[in-house]
Amino acid sequence: MKINQTILKEFILVGFSVYPHAQTFLFVVFFCLYLLTLTGNLTIMSLTWVDRRLHTPMYLFLSALSFSETCYTLTIIPRMLADLLAKKRSISVIGCGLQMYFFLGLGGTHCIILTLMGYDRFMAICNPLRYHLLMTNMVCGKLVVSAWAAGFFISVTEIALIFRGSFCSPNLVKHFFCHMRAVVRLSCLDSELTEFIVTAISVSGLMGTFLLIILTYIFILSTVLKIPSAEGKQKAFSTCASHLTVVIIHFGFASIVYLKPEASGGDDTVIAVPYTVITPFLSPLIFSLRNKDMKNAFRKALGKTHFLNKQSWIMEDNENIHN
């Protein structure tokens, strides 16, 4: 049991206040990365919506991934940016619970959608003749809805465990957001047991989805190696390269956060930055730069914009001549 049994109504997010001289610099860096992240994800969603050639399961999954990533960053980064410039970094217990609920739910959804994208590539390469019958846009939509439902079901379970009791002083959350492990340590109940259970749930979900993705790529690799032509192998690998790169980055950084032993030391605030800031920034960049269809759709959209602007200028010139 905790020594101080004062029931808390708010937490203080310590965050980057331990680095007072670097906070302005960090604000500029994180703000620029956040703007680029939003721009990248909104561009992917817009292109998928506008260009009918991208109305396929592969790009619908990508658009769903960009949407979940946009919501994911919205739950963390704006608050973090405000706290970098603020003197008071308090957050209510209810606000903390809501932030954690959306963070965990969207994080779980993100992992499941990445798994579904691997399954989509597995079906396209290993079952090409049945792919269009089995992976319709309707099926894709249902799978995405299931991903959101599963992600937030896990989140509700963890939130119920963490917030089932009251919290004791000190009310300092040693993080820049309401991270699960940082908050559960302030519980007046047996925090070690609760921390073990919720960490086990998160790690099981993380490792489970990662192993499923690895399994799909084992089948994909065995199928690709049977393709006789080098061109066919290259084409098959190119459709998976972006997804596999994002998977390695996402699960690599996530494993550092959730699998780091308690006794290993290190600043949890700094360790979480790659997972919450850098990974969302790199993901749309990788998918857009390494995808030929996405780049073509972007050029087409720019061409339409240029044409409409040119037409507008011509009409304005004609009106000026008549006047």
Side-chain angles (χ1 to χ4, degrees), residues 37-38 40-76 101-128 130-158 201-202 204-217 219-220 239-240 242-247 249-251 254 279-280 282-288 290-291 293-294 297:
T37 301
L38 281 180
N41 282 320
L42 291 174
T43 300
I44 289 174
M45 287 187 284
S46 300
L47 290 175
T48 306
W49 179 267
V50 171
D51 197 324
R52 294 187 62 83
R53 291 175 300 177
L54 300 181
H55 290 185
T56 62
M58 176 180 175
Y59 294 106
L60 291 177
F61 280 130
L62 178 56
S63 181
L65 186 76
S66 295
F67 179 71
S68 70
E69 201 162 64
T70 300
C71 297
Y72 174 83
T73 54
L74 277 171
T75 64
I76 302 297
Y101 168 72
F102 285 106
F103 172 76
L104 293 173
L106 291 163
T109 301
H110 198 76
C111 291
I112 297 171
I113 293 177
L114 282 172
T115 308
L116 293 175
M117 292 176 75
Y119 175 71
D120 175 68
R121 292 300 84 207
F122 162 76
M123 292 297 294
I125 294 171
C126 300
N127 296 285
R130 301 180 62 195
Y131 175 73
H132 294 291
L133 294 175
L134 297 175
M135 289 299 293
T136 63
N137 290 348
M138 182 67 71
V139 171
C140 174
K142 290 179 179 179
L143 288 173
V144 169
V145 171
S146 300
W148 278 77
F152 278 91
F153 174 76
I154 295 171
S155 176
V156 165
T157 304
E158 292 179 312
I201 294 171
S202 295
S204 298
L206 192 71
M207 296 304 297
T209 50
F210 179 69
L211 290 175
L212 283 173
I213 294 172
I214 295 300
L215 184 63
T216 59
Y217 272 103
F219 286 112
I220 288 171
T239 62
C240 302
S242 299
H243 175 253
L244 192 56
T245 304
V246 171
V247 165
I249 293 172
H250 175 81
F251 285 95
T279 300
L282 291 176
S283 180
L285 200 65
I286 293 167
F287 277 119
S288 57
R290 294 185 58 89
N291 191 289
D293 292 336
M294 194 62 69

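Of the residues listed (L211, I213, L143), the one engaging T115 in a side chain to side chain contact (heavy atoms under 4.5 Å, CB included) is I213, and it is the only one. Considering F122, F287, F61, Y217 as possible partners of H243, the one that fulfils the ring-ring contact (aromatic ring centres under 6.0 Å, His included) test is Y217.
Crowding of F210 atom CZ: a count of heavy atoms from other residues, nucleotides or ligands under 6.0 Å not exceeding 12. Heavy atoms of other residues, nucleotides or ligands lying less than 6.0 angstrom from NE2 of H132 number 12 at most.
Separating the OH atom in Y101 from the CD atom in E158 is a distance of 12.0 Å, to the nearest 0.5 Å. With values rounded to the nearest 0.5 angstrom, T216 atom OG1 is found 11.5 Å from M117 atom CE. To the nearest 0.5 Å, atom OG1 of residue T43 and atom CG of residue L285 are 11.0 Å apart. Here the CG-SG distance, from L65 to C111, works out to 10.0 Å after rounding to the nearest 0.5 Å. Rounding to the nearest 0.5 angstrom, the gap separating the CG atom in L212 from the CG atom in L114 is 12.5 Å. One distance of note links OH of Y119 with CD1 of I220; it measures 11.5 Å at 0.5 Å rounding.
The shortest distance between side-chain heavy atoms of C240 and I125 falls below 4.5 Å. Residues M58 and R121 form a side-chain contact, since some pair of their non-hydrogen atoms from C-beta on lies under 4.5 Å apart.
Without hydrogens or angle criteria, S63 side chain to Y59 main chain gives no donor-acceptor distance under 3.5 Å. Remark: side-chain polar atoms of H250 are not paired, donor with acceptor, to backbone N or O of T279 under 3.5 angstrom. A donor-acceptor contact shorter than 3.5 Å is absent between the side chain of S66 and the backbone of M45.
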**Request:** Would you sort out whether I76 and Y72 count as a side-chain contact (heavy atoms from CB on, under 4.5 Å), showing the intermediate values?
**Result:** CA-CA 7 Å; I76 302 297; Y72 174 83; 5.5 Å; no
**Request:** Carefully, step by step, assess L282 and V246 under the rule side-chain contact (heavy atoms from CB on, under 4.5 Å).
**Result:** CA-CA 8 Å; L282 291 176; V246 171; over 6 Å; no
**Item:** Residue pair Y131, D120: steps toward the side chain to side chain donor-acceptor pair (under 3.5 Å) verdict
**Value:** CA-CA 9 Å; Y131 175 73; D120 175 68; 2.6 Å; yes
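The minimum heavy-atom distance linking G40 with P284 is given by the pair C-CB, 3.7 Å. Considering all non-hydrogen atoms of both residues, L206 and A254 come closest at CD1-CB, 3.8 Å. Contact record, L106 with S68: CD2-O, 4.0 Å, taken as the closest heavy-atom pair. Nearest heavy-atom pair across M135 and P57 is O-CG, 3.1 Å. Across all their heavy atoms, N41 and P280 have their closest contact at ND2-O, 4.4 Å. Between L54 and T48 the shortest heavy-atom distance is O-CG2, 3.9 Å.
Applying the side-chain hydrogen bond (donor to acceptor under 3.5 Å, both in side chains) test to pairs two or more places apart or on separate chains, none has a residue in residues 135-148.
Using cut-offs of 30° and 60° for the angle between ring planes, the F152 and F102 rings count as perpendicular.
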